[in-house]
2 protein chains.
Amino acid sequence: MNEQIKILVVEDDDDINQLLCNIIRKNGYFPQPAFSGTEAMLYLESKEWDMVLLDLMLPGMSGDEILAKIADQSNIPVIIISAKLDQQTKIDMLRTGADDYITKPFDIEEVSARIESHLRRYQRINLSSKIEEQLKHKDIEVDPDAKIVSVQGKELIFTAREYEILVLLMSSPKKVFTKKNLFESVWNEAFYGDDNTINVHMSNIRSKLAAANPDEEYIETIWGMGYRLKS
Amino acid sequence: MNEQIKILVVEDDDDINQLLCNIIRKNGYFPQPAFSGTEAMLYLESKEWDMVLLDLMLPGMSGDEILAKIADQSNIPVIIISAKLDQQTKIDMLRTGADDYITKPFDIEEVSARIESHLRRYQRINLSSKIEEQLKHKDIEVDPDAKIVSVQGKELIFTAREYEILVLLMSSPKKVFTKKNLFESVWNEAFYGDDNTINVHMSNIRSKLAAANPDEEYIETIWGMGYRLKS
DNA sequence: GATAATTATTAAGAGAACCTTAAGTTTGGA
DNA sequence: TCCAAACTTAAGGTTCTCTTAATAATTATC
């Protein structure tokens with residue numbers, strides 16, 4: 001899982017950009033400076049971001065154009081940081097899709113607190129809408145939410161251990177998992193060779209899969225090495 | 001479905017309260033004035049809210065206490081509207097869980113735009129988790145406004161914890177919730193395995209449901225994994 | 001083809017996970 | 001401050017899963 005929280009800082013003034021990046025770094029997140037509107041767009045298109053700090057007066061492409069694009073195409077929170085003091089701009093930006101509007105010169109602690117605040121709210125969205133992908137291999141399907149294994153649409157009853165082993169195998173269909181690998185991933189403790197446990201689980205998993213579809217072989221034994229999915 | 005967006009306006013000054021309510025009404029939402037901290041708490045406990053506008057200087061119970069409670073117990077966005085100008089208060093409130101901090105005297109259009117902005121972001125949470133529609137399962141019905149659980153139309157007495165657990169299960173009827181899941185969602189703190197608490201709550205929930213309808217089984221234990229609604 | 005090493009299967013006892021009841025402990029309201 | 005409701009902890013019993021161990025089957029090596 002990728003735990004790094006990445007924040008794009010779009011600000012053409014070198015000093016201010018650096019200052020903002022430092023605030024972000026100090027909070028434990030990962031800043032990426034961009035010094036023009038066009039540069040910002042490149043970053044936005046090439047990566048996933050958790051937040052954007054955006055100046056309005058930018059070379060290349062103006063801040064409000066960028067804001068409009070972000071608001072249109074994504075869900076990323078945007079904090080405008082601008083020297084423009086007039087209310088109308090502020091209101092327009094907030095209505096266009098900005099999450100906040102901070103005027104320069106800014107208070108470092110306040111910027112820090114506002115970043116935290118918006119990130120906190122945004123995190124919850126991502127947690128609740130996090131769409132987990134389904135694992136599939138041949139006619140095996142796994143629904144990680146429901147923790148259900150099905151073969152040819154038929155739902156199978158797997159125990160917790162069996163489920164975890166199968167998911168591990170399916171997470172890297174080409175990899176050969178040694179018993180040590182399997183044991184340490186699934187059991188989360190050290191493996192002191194010579195253990196029949198995994199053999200037994202493999203046998204049980206195979207027989208459950210075979211009961212659902214006898215014509216297919218799903219798990220391959222690599223002699224002297226371990227197991228992997230048969231492709 | 002309940003489409004009304006309800007905003008609680010906590011402000012002891014009559015004129016300002018009314019002004020804020022007017023802004024909200026003009027935006028198409030439903031304001032509820034509260035003129036003291038204690039009054040606000042009553043509203044917060046009795047209904048579901050989409051947003052809270054909160055003054056800090058209040059009779060009865062101070063704004064920061066209210067904020068702390070809301071942040072601790074729920075997900076509702078809070079905008080502080082205060083005459084306190086000092087940065088430290090602002091920063092503290094934002095760190096405690098406020099989503100925004102607007103100083104008086106405020107610009108009507110800006111307040112309006114900021115309400116829209118936060119609501120826009122918050123709505124996405126609700127849209128993605130769409131709790132409202134799914135709060136029925138078999139003959140269990142939950143009224144999230146009144147926080148009432150009923151089975152076959154009969155109203156049951158659930159405690160706060162029991163209610164939250166049940167709502168969580170019902171929010172994703174097919175999902176298997178691990179104890180970790182449950183604990184971290186309902187208690188909002190880290191889970192250090194081997195805890196009987198959830199077992200006991202589950203047992204209590206089951207017996208209350210069974211008392212209302214002995215012929216039906218509602219909650220399924222998935223051994224080694226967790227719990228889910230029985231479909 | 002015989003032997004040794006590894007893997008597969010089976011069944012039963014050990015162990016882990018869970019349920020329930022009841023006794024503390026905490027919390028919130030009068 | 002006290003009381004009652006809610007929550008947590010604890011203990012004993014139950015159920016289901018995992019591991020162990022014995023045995024069979026397979027693969028590699030000589």
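In what follows, chains carry the letters A, B, and so on, assigned in the order in which the sequence lines appear, proteins first and then strands, with residues in each chain numbered from 1.
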_Separation of A/E110 CD from A/S117 OG (nearest 0.5 Å)_ = 11.0 Å

*List in chain and number order the residues that pass side chain to side chain donor-acceptor pair (under 3.5 Å) with B/R161, two or more places apart in sequence or in another chain; answer none if no residue qualifies.*
none

_Contact list for DNA chain C against residues 162-180 of chain A - heavy-atom distance below 4.0 Å_ = A/K179

_Rounded interatomic separation in angstrom, taking CG from B/L182 and P from D/dC7_ = 15 Å

*asked:* What is the separation between atom CE on A/M202 and atom C1' on C/dT10, rounded to the nearest whole Å?
replied: 18 Å

*Residue pair B/Y101 / B/D92, side-chain donor-acceptor N/O under 3.5 Å*: no

*Using the ring of B/F177 (Phe, Tyr or Trp, six-membered ring only), decide whether B/K175 places NZ or CZ under 6.0 Å from its centre and within 45 degrees of its axis.*
yes

*Pairing of DNA chain D as dot-bracket, 5' to 3': ( ) intra-strand, [ ] crossing, | other strand, . unpaired, with Watson-Crick or G-U pairs under 3.5 Å?*
||||||||||||||||||||||||||||||

_Where at least one partner belongs to residues 215-231 of chain A, residue pairs that pass salt bridge (Lys or Arg N to Asp or Glu O under 4.0 Å), sequence neighbours excluded_ = A/K138-A/E216, A/E217-A/K230, A/E220-A/R228

Identify the pairs formed between an N or O of the protein and an N or O of nucleotides 25-30 of chain D at a distance under 3.5 Å, and give each distance.
none

*Can you check whether A/S203 has a side-chain N or O nearer than 4.0 Å to OP1 or OP2 of C/dT9?*
yes

*asked:* Distance check needed: C/dT20 C1' versus B/N199 CG, whole Å only.
replied: 10 Å

*asked:* Is the ring pair B/F183/B/F191 parallel, tilted or perpendicular, if the boundaries are 30 and 60 degrees?
replied: tilted

*Taking only residues two or more places apart in sequence, or in another chain, which ones meet B/E116 in a side chain to side chain donor-acceptor pair (under 3.5 Å)?*
B/N27, B/Y29

*With sequence neighbours excluded, tell me which residues meet side chain to side chain donor-acceptor pair (under 3.5 Å) with B/S203.*
none

*Just how far, in rounded Å, is C1' of D/dC16 from CD1 of A/I157?*
13 Å

*Compute whether any side-chain donor of one residue and acceptor of the other, for B/T89 and B/D86, lie under 3.5 angstrom apart.*
yes

_If we count only N and O atoms by modelled type, under 3.5 Å, do the side chains of A/N75 and A/Y122 hold a donor and an acceptor together?_
no

*Residue pairs, two or more places apart or on separate chains, that pass salt bridge (Lys or Arg N to Asp or Glu O under 4.0 Å) and touch residues 10-34 of chain B*: B/E11-B/K104

*Interatomic distance where CD1 belongs to B/I219 and P belongs to C/dT20 [whole Å]*: 11 Å

_Spacing between B/I222 atom CD1 and C/dA16 atom P, to the nearest angstrom_ = 22 Å

*Going by the side chain to side chain contact (heavy atoms under 4.5 Å, CB included) test, name the single residue among A/L156, A/D139, A/N204 that passes it with A/L209.*
A/L156

_Residues that B/W223 engages under ring-ring contact (aromatic ring centres under 6.0 Å, His included), provided they are two or more places apart_ = none

*Expressed in angstrom and rounded to an integer, what is the separation of A/I205 atom CD1 from C/dA8 atom C1'?*
14 Å

*Closest non-hydrogen atom pair between B/T178 and A/K147, with its separation*: CG2-CE, 4.0 Å

Can you give me the N/O atom pairs linking the protein to nucleotides 19-22 of chain D at distances under 3.5 Å, or say none if there are none?
| from | atom 1 | to | atom 2 | distance (Å) |
| --- | --- | --- | --- | --- |
| D/dT19 | OP1 | A/R161 | NH1 | 3.1 |
| D/dT19 | OP1 | A/W187 | NE1 | 2.4 |
| D/dT19 | OP2 | A/H201 | NE2 | 2.7 |
| D/dT20 | OP2 | A/D195 | OD1 | 3.4 |
| D/dT20 | OP2 | A/T197 | OG1 | 3.4 |
| D/dA21 | N6 | A/N196 | ND2 | 2.9 |
| D/dA22 | N6 | A/N196 | ND2 | 3.4 |

_For DNA chain C, the residues among residues 224-231 of chain A that have a non-hydrogen atom under 4.0 Å from it_ = A/G224, A/Y227

_Worked verdict on A/D50 versus A/K6 for salt bridge (charged side-chain N to carboxylate O under 4.0 Å, His left out)_ = CA-CA 5 Å; A/D50 295 283; A/K6 299 188 292 286; 5.1 Å; no

*Nearest whole angstrom, please: distance from the C1' of C/dG28 to the CE of B/M41.*
12 Å

*Could I get the full list of side chain to side chain donor-acceptor pair (under 3.5 Å) partners for A/R206, not counting sequence neighbours?*
A/T221

